[in-house]
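To start, the structure under review is shown below, and the notes come after it.
Counting begins at 1 with the first residue of the sequence. Read the numbers this way: they start at 1 and go in the same order the structure lists the ligands and their atoms.
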Amino acid sequence: MAGRPQMSLDEIREQVQTCRKCQLCEGRTNVVFGVGNPSARVLIVGEAPGKNEDLQGEPFVGAAGKYLNDLLAIAGLSREDVFIANVLKCRPPSNRDPRPEEIEACADYLREQTRAIDPDFIVTLGNFATKFILKTDVGITRLRGTLQQAGRFKVFPIFHPAAALYDGKKREALENDFATLGELLGNRE
Ligand code: URA
Ligand code: SF4
């Protein structure tokens, strides 16, 4: 898609709905395109749909999604303020890790979504989203809570909420990092 004129979110959605560029199309119930404000200041990027997301066609609707809503509130944000998308639009079987060839096949969609939304901040949740956006091998444990830059976008990596659900230390880090995000956005002092 490089070099083509800017696509609208609806045009990108249309392409993704019928995508068969990787094997994950075989097992999906629904494509999970992403949801939210099409001109959001903040784009949240997760990893891939889980079971509930695959069934409902919407990102972060399971337990991690409920927690994400609480975290957004800490930053002074609601779901309507942000756009939420994933690196992969279809669920990997048994929620296994995304494979490099799947990430590669799906990459243009997130790139086009980012261009269409044109956010100020990209919040990357966990290692896969952070590596994808920052093109780095540095792990999330070192990068989380530090402001980075990718092209014209400010990038703020944070732990994945699913990884923190049952880990009090990570939860504390996540909550601190969302408070910092709120400060960066001017929503908190
Ligand atoms: N985890 C993710 O990374 N994305 C979702 O949409 C749900 C859970
Ligand atoms: Fe297409 Fe991405 Fe789904 Fe693979 S994961 S089938 S590339 S939309």
Side-chain angles (χ1 to χ4, degrees), residues 1-2 7 9-37 40 42-72 77-80 82-117 122-134 139-140 143-144 155-167 170-171 173-174 177-178:
M1 292 178 214
M7 287 198 284
L9 269 186
D10 283 340
E11 287 169 325
I12 307 162
R13 185 194 309 273
E14 219 167 280
Q15 291 196 1
V16 179
Q17 286 308 336
T18 56
C19 178
R20 304 192 65 83
K21 286 203 289 182
C22 85
Q23 61 184 346
L24 296 179
C25 67
E26 312 283 347
R28 73 185 173 216
T29 314
N30 286 294
V31 171
V32 179
F33 176 73
V35 70
N37 183 338
V42 181
L43 170 63
I44 310 263
V45 180
E47 181 176 312
K51 184 172 183 216
N52 292 293
E53 290 75 22
D54 172 69
L55 290 174
Q56 296 182 42
E58 224 183 273
F60 286 100
V61 291
K66 290 212 178 75
Y67 184 41
L68 180 60
N69 292 346
D70 297 342
L71 292 165
L72 288 171
L77 295 166
S78 70
R79 279 212 176 217
E80 291 70 44
V82 300
F83 195 94
I84 306 177
N86 287 308
V87 173
L88 294 184
K89 312 308 189 205
C90 306
R91 182 193 182 202
S94 316
N95 301 340
R96 66 155 167 75
D97 283 351
R99 293 185 177 153
E101 66 271 21
E102 295 159 356
I103 294 173
E104 175 61 29
C106 213
D108 274 341
Y109 300 132
L110 183 55
R111 275 191 217 116
E112 289 294 328
Q113 286 175 306
T114 306
R115 287 178 66 196
I117 296 161
I122 304 176
V123 174
T124 55
L125 300 177
N127 256 320
F128 283 96
T130 302
K131 284 179 196 291
F132 181 88
I133 298 289
L134 290 178
I140 188 66
L143 286 173
R144 66 116 198 130
V155 179
F156 196 63
I158 303 186
F159 282 136
H160 195 291
L165 274 178
Y166 307 103
D167 180 336
K170 278 197 175 143
R171 241 180 4 251
L174 260 167
D177 291 349
F178 271 89

Those atoms of ligand 1 less than 4.0 Å from some heavy atom in [X]:
{"X": "E53", "result": "5 (C), 6 (O), 7 (C)"}
{"X": "H160", "result": "1 (N), 2 (C), 3 (O)"}
{"X": "P59", "result": "6 (O)"}
{"X": "G46", "result": "3 (O)"}

Between Q56 and K51, do the side chains contain an N or O donor and an N or O acceptor separated by less than 3.5 Å? no
Which protein heavy atom lies closest to atom 8 (C) of ligand 1, and at what distance to 0.1 Å?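 Protein heavy atom with the smallest distance to atom 8 (C) of ligand 1: F60 CE2, 3.8 Å.
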If every non-hydrogen atom of [X] is compared with every non-hydrogen atom of [Y], which pair is closest and at what distance?
{"X": "E80", "Y": "N37", "value": "O-CB, 3.2 Å"}
{"X": "L174", "Y": "P161", "value": "CD1-CA, 3.7 Å"}
{"X": "F156", "Y": "D177", "value": "CE2-O, 3.2 Å"}
{"X": "G62", "Y": "E53", "value": "N-OE2, 3.1 Å"}
{"X": "L24", "Y": "R91", "value": "CD2-O, 3.9 Å"}
{"X": "P157", "Y": "L134", "value": "CG-CD1, 4.1 Å"}

Under 4.0 Å to a heavy atom of A105 - the qualifying atoms of ligand 2, by number: 7 (S)
Looking at R28, which atoms of ligand 2 are within less than 4.0 Å of one of its heavy atoms?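 Result: 3 (Fe), 6 (S).
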Could you tell me whether atom 1 (Fe) of ligand 2 has an N, O or S atom of C19 under 2.8 Å away?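 Of the N, O and S atoms in C19, at least one lies under 2.8 Å from atom 1 (Fe) of ligand 2, which means yes.
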Identify the residue among V45, V32, I44, L110 that makes a side-chain contact (heavy atoms from CB on, under 4.5 Å) with N86.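 That would be V32; it is the only one of V45, V32, I44, L110 passing the side-chain contact (heavy atoms from CB on, under 4.5 Å) with N86.
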State whether C22 contributes an N/O/S atom found under 2.8 Å from atom 4 (Fe) of ligand 2.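 For C22, the answer is yes, given that an N, O or S atom comes within less than 2.8 Å of atom 4 (Fe) of ligand 2.
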Give the contacting part of A64 toward ligand 1: side chain, backbone, both or neither, where contact means a heavy-atom distance below 4.0 Å.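 Near ligand 1, A64 shows nothing, with every heavy atom at 4.0 Å or more.
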For ligand 1, note which part of A48 has a heavy atom under 4.0 Å away: side chain, backbone, both or neither.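 Within the 4.0 Å criterion, A48 contacts ligand 1 through backbone atoms alone.
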Pick, from C25, A107, G27, C90, the option with the minimum heavy-atom distance to atom 5 (S) of ligand 2. C90
Selected option - heavy-atom contact closest to atom 6 (O) of ligand 1, from V87, N86, N52: N86
Are any of the heavy atoms in Q23 under 4.0 Å away from ligand 2? no
Is atom CD of Q17 surrounded by more than 12 heavy atoms (other residues, nucleotides or ligands) closer than 6.0 Å?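 Correct, the count exceeds 12.
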Could K66 and F60 be counted as a cation-pi pair, given that NZ or CZ must be under 6.0 Å from the ring centre and within 45° of the axis?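 So K66 doesn't make the cation-pi contact.
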Is C106 close enough to atom 3 (Fe) of ligand 2 to have an N, O or S atom under 2.8 Å?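 Under 2.8 Å: C106 has no N, O or S contact with atom 3 (Fe) of ligand 2.
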Do any heavy atoms of E58 fall under 4.0 Å from ligand 1? no
